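Working notes, beginning with the structure itself.
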Amino acid sequence: MCWAGPAAFSKTINVDWTGHGDFTKLQDAINSIPKNNQQWVLINLRPGNYRERVTVDRPFISLRGEGTDNTMVEYSSGGGIFNGTFSVMADNFVAKRISFKNNYNRPLVEEYNPRKQAAAVRVRADKVAFYECQFIGVQDTLLDDSGRHFYHSCVIKGCIDFICGSGQSRFENCRLQINGNEQHVPVGYITAQARANPYDTNGFVFIRCTVTGSGNVYLGRPWGSHARVLFYQSYLGANVLPKGWDAWTRENQVADITLAESGCSGPGSKESNRVPWEKKLSDKELNMLTIADSDRRLSGRWVDFGDRHQRPIIATDVIAKMSQIFALMWLDVAPRVSDCYQRPIPLLISVVANSSSDGIPSL
């Protein structure tokens with residue numbers, strides 16, 4: 001691997017646990033960046049298992065590993081949903097080709113480590129993207145807490161509410177792998193989305209994703225009273241239960257919940273036995289929730305999806321012309337009181353702000 005970073009990065013930091021870099025610990029590398037940082041910094045993470053709890057509390061950091069089988073950040077913590085392995089708490093963060101793992105409950109030994117909320121990653125920041133990363137846990141693996149996020153070609157493993165929170169997030173070409181059998185969990189849940197009111201813009205959209213693994217699973221259950229989740233053109237394996245969704249504690253609020261699927265395939269995609277309150281979205285509503293697919297022509301995007309068959313990259317056309325991308329223009333629609341869909345989740349269309357920096361770097 002070449003250690004030299006592209007010109008768009010203001011600085012490149014190399015982390016190598018063997019001592020052949022600038023730091024041996026990832027947290028030390030992050031701490032070396034000023035808290036008020038306003039230019040993109042690249043952190044190269046050399047192959048190895050970095051056993052540490054990490055918090056990203058500086059903005060404009062790009063973290064690059066050398067493959068999910070080779071580069072892993074792991075920790076063992078069952079101390080609650082907010083005390084996971086890796087936390088992103090500052091805006092403008094990108095990670096690529098890294099595994100994040102919470103070892104608690106792996107393996108599960110009830111008398112030693114009874115099953116608890118144990119996040120591998122928490123994201124409480126705006127404009128965050130993960131490419132070709134892996135998230136490994138059991139319960140609450142990925143706490144997609146708040147902010148606008150993009151996950152592409154990632155693997156997310158767990159069995160209970162393992163993608164949860166109130167983020168405004170798009171998951172594209174991701175693999176959702178259920179590990180319920182190995183954890184002795186008879187029935188699991190992929191999502192627990194926490195949208196709290198009809199004016200919130202958040203929700204989860206899964207586009208061309210794959211659901212596989214071991215153990216029966218629901219597509220999700222509502223954590224919030226106005227939870228919103230869409231599986232779109234995704235493959236649903238045989239372990240997806242016929243009912244599809246569970247109301248959890250929201251049986252009297254299902255009219256306010258938007259749990260939906262459209263254009264899915266696979267043995268678990270049959271909708272004949274779905275819960276009667278699963279939402280059927282119109283073409284207009286589907287377009288609102290998946291608009292980034294049809295809006296590739298727009299320039300100055302935060303995330304450039306590129307060709308349909310290619311891996312997306314951070315928009316390189318922005319580098320040569322403009323600067324950091326601060327504001328995302330997520331198309332919005334004035335809420336209608338009677339409409340439970342109300343505010344859409346069109347994803348990742350950006351407005352570029354003037355600045356003296358070199359802009360968003362290519363990964």
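Values reported hereafter were calculated over all heavy atoms of this structure, with side chains retained and with hydrogens, waters and symmetry mates removed. Bear in mind that the values here come from a model prediction, so they are computed numbers and not experimental data. Quick note: residue numbers are just sequence positions, from 1.
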Do [X] and [Y] have side chains that approach each other closer than 4.5 Å (heavy atoms only, starting at C-beta)?
{"X": "Arg46", "Y": "Asn70", "result": "no"}
{"X": "Ser77", "Y": "Tyr104", "result": "no"}
{"X": "Thr55", "Y": "Gln27", "result": "yes"}
{"X": "Tyr75", "Y": "Asn102", "result": "no"}
{"X": "Ile178", "Y": "Asn216", "result": "no"}
{"X": "Phe100", "Y": "Leu142", "result": "no"}
{"X": "Glu278", "Y": "Glu271", "result": "yes"}
{"X": "Leu176", "Y": "Thr210", "result": "no"}

Take Ile61 and Ile33, measure what side chain to side chain contact (heavy atoms under 4.5 Å, CB included) needs, and give me the verdict at the end. CA-CA 9 Å; Ile61 290 178; Ile33 300 169; 3.6 Å; yes
Under the 3.5 angstrom rule, does the side chain of [X] hit a backbone N or O of [Y] as a donor-acceptor pair?
{"X": "Asp200", "Y": "Asn202", "result": "no"}
{"X": "Glu172", "Y": "Arg208", "result": "no"}
{"X": "Arg170", "Y": "His149", "result": "no"}
{"X": "Asp22", "Y": "Asn14", "result": "yes"}
{"X": "Asn197", "Y": "Ser225", "result": "no"}
{"X": "Ser32", "Y": "Ala29", "result": "yes"}
{"X": "Glu52", "Y": "Glu74", "result": "no"}
{"X": "Glu285", "Y": "Ser282", "result": "yes"}
{"X": "Ser169", "Y": "Phe150", "result": "no"}
{"X": "Thr85", "Y": "Arg53", "result": "no"}

Report the C-alpha distance between Val128 and Val94 in whole Å, list the side-chain angles of each, state the deciding distance to 0.1 Å, and finish with yes or no for side chain to side chain contact (heavy atoms under 4.5 Å, CB included). CA-CA 6 Å; Val128 173; Val94 180; over 6 Å; no
For [X] and [Y], which heavy atoms make the closest approach, and how far apart are they?
{"X": "Pro34", "Y": "Arg58", "value": "O-CG, 3.2 Å"}
{"X": "Val138", "Y": "Phe162", "value": "O-CB, 4.0 Å"}
{"X": "Cys209", "Y": "Ser234", "value": "N-OG, 3.0 Å"}
{"X": "Phe82", "Y": "Arg122", "value": "CD2-CZ, 3.4 Å"}
{"X": "Gly237", "Y": "Pro267", "value": "C-CG, 3.9 Å"}
{"X": "Ser99", "Y": "Thr68", "value": "OG-O, 2.8 Å"}

How long is the span from the [atom1] atom in [X] to the [atom2] atom in [Y], to the nearest 0.5 Å?
{"X": "Leu42", "Y": "Leu63", "atom1": "CG", "atom2": "CG", "value": "8.5 Å"}
{"X": "Cys159", "Y": "Asn181", "atom1": "SG", "atom2": "CG", "value": "9.5 Å"}
{"X": "Leu241", "Y": "Leu219", "atom1": "CG", "atom2": "CG", "value": "9.0 Å"}
{"X": "Cys154", "Y": "Glu132", "atom1": "SG", "atom2": "CD", "value": "8.0 Å"}
{"X": "Ile13", "Y": "Lys11", "atom1": "CD1", "atom2": "NZ", "value": "4.5 Å"}
{"X": "Asp126", "Y": "Ser146", "atom1": "CG", "atom2": "OG", "value": "8.5 Å"}

Begin from the C-alpha positions of Val41 and Phe9 and carry the test side chain to side chain contact (heavy atoms under 4.5 Å, CB included) through to its verdict. CA-CA 5 Å; Val41 175; Phe9 292 104; 5.9 Å; no
[X] and side-chain hydrogen bond (donor to acceptor under 3.5 Å, both in side chains): which partner among [options]?
{"X": "Arg64", "options": "Thr71, Thr12, Asn44", "result": "Asn44"}
{"X": "Gln134", "options": "Lys157, Arg97, Arg175", "result": "Lys157"}
{"X": "Asp161", "options": "Gln117, Gln139, Arg221, Gln193", "result": "Arg221"}

Would you please test Arg274 and Glu261 for salt bridge (charged side-chain N to carboxylate O under 4.0 Å, His left out) and show each step? CA-CA 10 Å; Arg274 290 295 195 250; Glu261 53 193 302; 2.6 Å; yes
When you group the ILVMFWY residues by side-chain heavy-atom contacts below 4.5 Å and let the links chain together, are [Y] and [X] in the same group?
{"X": "Val211", "Y": "Tyr189", "result": "no"}
{"X": "Val254", "Y": "Val275", "result": "yes"}
{"X": "Val240", "Y": "Trp245", "result": "yes"}
{"X": "Phe93", "Y": "Tyr50", "result": "yes"}
{"X": "Ile257", "Y": "Tyr218", "result": "no"}

Flag if over 12 foreign heavy atoms under 6.0 Å of CH2, Trp17: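 Atom CH2 in Trp17 is not crowded, with 12 or fewer foreign heavy atoms closer than 6.0 Å.
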Could you give me the CA-CA distance, side-chain angles and deciding distance for Ile136 and Met72, then say whether side chain to side chain contact (heavy atoms under 4.5 Å, CB included) is met? CA-CA 10 Å; Ile136 304 171; Met72 179 176 290; 4.3 Å; yes
Considering the options Tyr131, Tyr232, Tyr151, which one meets the ring-ring contact (aromatic ring centres under 6.0 Å, His included) requirement together with Phe171?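 With Phe171 as partner, Tyr131, Tyr232, Tyr151 yield a single ring-ring contact (aromatic ring centres under 6.0 Å, His included), made by Tyr151.
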Checking side chain to side chain contact (heavy atoms under 4.5 Å, CB included) between Phe23 and each of Asp16, Asn31, Asp28, which is the one that passes?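 Going through Asp16, Asn31, Asp28 one by one, the side chain to side chain contact (heavy atoms under 4.5 Å, CB included) with Phe23 is satisfied by Asp28 alone.
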Flag for Gln168-Thr201: side-chain donor and acceptor within less than 3.5 Å: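 Judged by distance alone, the side chains do pair up.
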Aromatic rings Phe135 and Phe130: how do their planes relate, parallel, tilted or perpendicular, breaks at 30° and 60°?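 Phe135 vs Phe130 ring planes: perpendicular.
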Side chain to side chain donor-acceptor pair (under 3.5 Å) between Asn173 and Ser153: does it pass, once the steps are laid out? CA-CA 5 Å; Asn173 295 350; Ser153 299; 4.8 Å; no
